[in-house]
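Excluded from the calculations below are hydrogen atoms, water molecules and symmetry mates; all remaining heavy atoms, backbone and side chain alike, are included.
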Amino acid sequence: MKKGKALTSAMIIPFLATGLLAGCSSGGEKTTTGGTTTETPKSSVPAKSSEPAKPVKLDIIETGNNLPSQDKDFIKQELDKALNTDINLTVYASGDDYKNQLNVRLASGNFPDMFQVSDRAMLKQFAQQGLLLDLKPYLDKLKPAKDFIGEDSIKKGTVDGKIVAISKAPNIPYNTYWIRKDWLDALKLQIPTTPDELLAVAKAFADRDPDGNGKKDTLGLTGGKLGTFAPIFGAYGVTDPGSFSVKDGKLVNSLYDPAMKDALAFINKMIAAGAVDPEIMANSGLQHQEKAIKGLAGIVYIDWPNMSKEQFTEQIKKVNPNANWVQVAALKGPGGQFEGNYDIGGSSGLYAIPKALENNKEKLQKVIDLINYVSVKDGSMLVQFGVKGKHYNLEGDKVVPTDLMGKEASYTWLYQFTGRPEMTYLQTKFAPQAAFIEFANKQPRKQTLNGFLTVPDGYNSADANRFQEEELVKFIYNKRPLAEYDAFLKTMETSMNYKTFLDSATKQLQELGYGK
């Protein structure tokens, strides 16, 4: 994922807010945009009004929580001051409640000026109903935001060739295997570097009493369902089941990659050896984390926050003060060295503008101004960290939080309509976890593309995904021989109508420029 360059350049693009830089001059108006200075002829510069322009009201809705009242909302106040707006942000804690409220408003013609779209299915529905503004003609005006979020994020908001939403800038991957280093030391073992070494260590943890309590009560590898084996799939050079990627210049669905059967065979081997938590497919929520914290398992596939944040490290130490969890680098296997995969089409937020707003040029321009402002340095820093000098200070380019950042600025993410420079943000907000964040982010991963896809008519993704998981579980638990894998694919294509999805996905991704 090539986002670093885009984020760096976006932070230095000057913000040009229409209406904020207008003025009069005896010789014409000079403005600077993107490093280029131009002079506007005197005749085109509007005369200053004797009275300040009235703030433009903007109505924005999204999902979220912890938004303070407007009199205590310093982000709103700072944005309003910078943009000459009166922002009314409404957040709904429940996703279902939000969808209902949004549907009611759109159906009645009571359009917000900008609103969050929950998923691509909703985005497609609204776009095909003609409710969303096509932003393609406005991309020049949105250049600061476009540069900030990057080209892949522009594609995330595209439906039927129209750009109908702004996606937040990409996140970064969080997950890796974590392992009990103290258990390794007790058994005189090393951190595994290959799938075979992982199997040997996991089996030793299950069989050789690594906690020294004289009981056979420990597990090897645990995690949440099939996602537990993402690094195994990566080591075999294949992406998560059912995911699309570009391989040798061609679009590939991982279920049809020959390496998929090899990866499933190895996982089958691990399970048969007793190296895997027998409840792995039943684990829900954070049950796998609980098993790790309680000292029941020695390897867990999990994100860095749920192992390294203070409240969890305290729980770990209460169970065993000597417990030492460390991250495991990507395993090297027959298909290379990949931690797993990362969906570059996934988005943590999509924001749309109603088509009806094109009839109100003033409001539309202010929404564009807002989107741009939170994408460039001053606005981005505001919605990340709060008010400079109050919630943070700068030492060179380094953001130094004050005590007030943690107390007052916990809700600022609600205004991050185009996202944030993720690495810088996380390492500032979670300084004690900075090394874990960097470790997870730097692991090599294959890129997948499913986040760009909308489900075609006639295909029930819920049923197909459920059937896919059930059959793959049969393969890894030896309930169905891998010799029947091709028959499984045939059933997917016919009974589950998977061929419709494959054809649609291929067409969609090729139109976005991915693969052949």
Pair Ser243-Asp240, side-chain donor/acceptor within less than 3.5 Å
no
Quick one about Gln384 and Ser380 (side-chain donor to acceptor, distance below 3.5 Å, no hydrogens or angles considered), yes or no?
yes
Heavy atoms, side chains only, cut-off 4.5 Å: are Met381 and Lys388 in contact?
no
So which heavy atom on Ile344 is nearest to which on Lys156, and how close?
O-CE, 3.0 Å
Exam field: side chain Ser410 to backbone Gly406, donor-acceptor pair closer than 3.5 Å
no
Classify the ring geometry of Tyr498 against Phe501: parallel below 30°, tilted from 30° to 60°, perpendicular beyond 60°.
tilted
Any donor-acceptor pair under 3.5 Å linking the side-chain atoms of Asn65 with those of Tyr411?
no
Should we say atom CG of Asp96 is surrounded by more than 12 heavy atoms from elsewhere, each under 6.0 Å from it?
no
For this output row, return yes or no: ring centroids of Phe436 and Phe439 closer than 6.0 angstrom.
no
Rounded to the nearest 0.5 angstrom, the CG-NZ distance for Leu139 and Lys136 is 8.0 Å
Looking at residues at least two apart in the chain, or sitting in another chain, which of them share a salt bridge (charged side-chain N to carboxylate O under 4.0 Å, His left out) with Lys507?
Glu511
Do Ser254 and Phe233 come within less than 4.5 Å of each other through their side chains, counting heavy atoms only?
no
Ionic contact status for Glu395 with Lys398, cut-off 4.0 Å
no
Phe244 backbone acceptor or donor facing Asn450 side chain under 3.5 Å
yes
How about Asn100 and Asp97: does a side-chain donor come under 3.5 Å of a side-chain acceptor?
no
So, are Asp86 and Lys76 salt-bridged, with charged N and O less than 4.0 Å apart?
yes
Just verifying a value: how many Å separate Ile154 CD1 and Leu512 CG, rounded to the nearest 0.5 Å?
12.0 Å
Heavy-atom closest pair (Gly95 atom, Thr63 atom, distance to 0.1 Å) is CA-CG2, 4.3 Å
Salt bridge present between Asp403 and Lys407 (N-O < 4.0 angstrom)
no
Are Ile280 and Phe229 close enough that some pair of their side-chain heavy atoms sits under 4.5 Å apart?
yes
Is the shortest side-chain heavy-atom distance between Gln433 and Gln427 below 4.5 Å?
no
If you count every heavy atom of other residues, nucleotides or ligands that lies below 6.0 Å from Lys225 atom NZ, does the total exceed 12?
yes
Main chain of Asp134, side chain of Lys162: is a donor-acceptor contact present, judged purely on distance under 3.5 Å?
no
Which atom pair, heavy atoms only, marks the closest approach of Ser167 to Leu350?
CB-CD2, 3.6 Å
Backbone N or O of Lys141 within a donor-acceptor pair of the Asn372 side chain at under 3.5 Å?
yes
Hey, are Glu279 and Lys291 close enough for a salt bridge, meaning a charged N less than 4.0 Å from a carboxylate O?
yes
Can you name the nearest heavy-atom pair linking Pro173 to Ala440, along with the distance?
O-CB, 3.8 Å
Pairing donors with acceptors under 3.5 angstrom, does anything connect the side chains of Ser245 and Gln447?
no
Do NZ/NE/NH1/NH2 and the carboxylate oxygens of Lys446 and Glu339 come within less than 4.0 Å?
no
For Gln116 and Tyr98: C-alpha separation, side-chain torsions, deciding distance, then whether side-chain hydrogen bond (donor to acceptor under 3.5 Å, both in side chains) applies.
CA-CA 9 Å; Gln116 185 178 9; Tyr98 176 72; 5.2 Å; no
Looking at CD1 of Ile293 and NE2 of His288, how far apart are the two atoms once the value is rounded to the nearest 0.5 Å?
10.0 Å
Between Ser69 and Asp71: side-chain donor-acceptor atoms closer than 3.5 Å:
yes
Given the side-chain rings of His391 and Phe74, with only the six-membered ring counted for Trp, is the space between their centroids under 6.0 Å?
yes
Do the non-hydrogen side-chain atoms of Leu370 and Ile368 ever get within less than 4.5 Å of each other?
no
Can you check whether Pro144's main-chain N or O pairs, donor with acceptor, with Ser375's side chain at less than 3.5 Å?
no
Trace of the side-chain hydrogen bond (donor to acceptor under 3.5 Å, both in side chains) decision for Thr500 with Asn497:
CA-CA 6 Å; Thr500 297; Asn497 206 16; 2.7 Å; yes
Using the salt bridge (Lys or Arg N to Asp or Glu O under 4.0 Å) rule, collect all pairs that involve residues 493-506, keeping only residues at least two apart or in two chains.
Lys499-Asp503
Are there over 12 heavy-atom neighbours, none belonging to Glu310, within less than 6.0 Å of that residue's CD?
no
Are the aromatic ring centres of Tyr301 and Trp178 under 6.0 angstrom apart?
no
Side-chain donor-acceptor pair under 3.5 Å between Gln70 and Asn88, yes or no?
yes
Taking every non-hydrogen atom, the tightest pair across Gly64 and Leu414:
CA-CD2, 3.7 Å
Quick one: pull up CD in Glu422 and CG in Asn441 and give me the separation to the nearest 0.5 Å.
9.0 Å
Can any side-chain N or O of Gln128 pair as donor or acceptor with the backbone N or O of Gln125 at less than 3.5 Å?
no
Would you give the length of the straight line joining atom CD1 of Ile353 to atom CG of Leu364, rounded to the nearest 0.5 angstrom?
6.0 Å
Which residues share a salt bridge (charged side-chain N to carboxylate O under 4.0 Å, His left out) with Asp119, sequence neighbours left out
Lys99
Does Lys124, at its NZ atom, have more than 12 non-hydrogen atoms belonging to other residues, nucleotides or ligands within less than 6.0 Å?
yes
Please check if any side-chain donor atom of Gln365 sits under 3.5 Å from a side-chain acceptor atom of Asp369, or the reverse.
yes
Locate the shortest heavy-atom distance separating Met281 from Leu226; write the atom from each residue and the value.
SD-N, 3.9 Å
Side chain to side chain, Asn110 and Val104, heavy atoms closer than 4.5 Å
no
Once rounded to the nearest 0.5 Å, what's the spacing between atom CD of Glu62 and atom CG of Leu67?
8.5 Å
Looking only at the side chains, is there a donor atom on one of Thr176 and Gln443 sitting less than 3.5 Å from an acceptor on the other?
no
Does a salt bridge link Arg105 with Asp59, judged by any charged N lying under 4.0 Å from a carboxylate O?
yes
Sidechain N-carboxylate O distance under 4.0 Å for Glu358, Lys355:
yes
Could you tell me whether Arg466 and Asp463 make a salt bridge, using a distance below 4.0 angstrom between a side-chain N and a carboxylate O?
yes
Could you point out which residue of Leu449, Thr448, Val252 forms a side-chain contact (heavy atoms from CB on, under 4.5 Å) with Val246?
Leu449
Close side-chain approach of Glu471 and Phe467, heavy atoms under 4.5 Å:
yes
Would one find more than 12 heavy atoms of other residues, nucleotides or ligands at under 6.0 Å from atom CG of Asn359?
yes
Any side-chain donor near an acceptor of the partner, Tyr415 and Asp73, under 3.5 Å
yes
Expected output: side-chain Thr85 to main-chain Ile87 donor-acceptor under 3.5 Å:
no
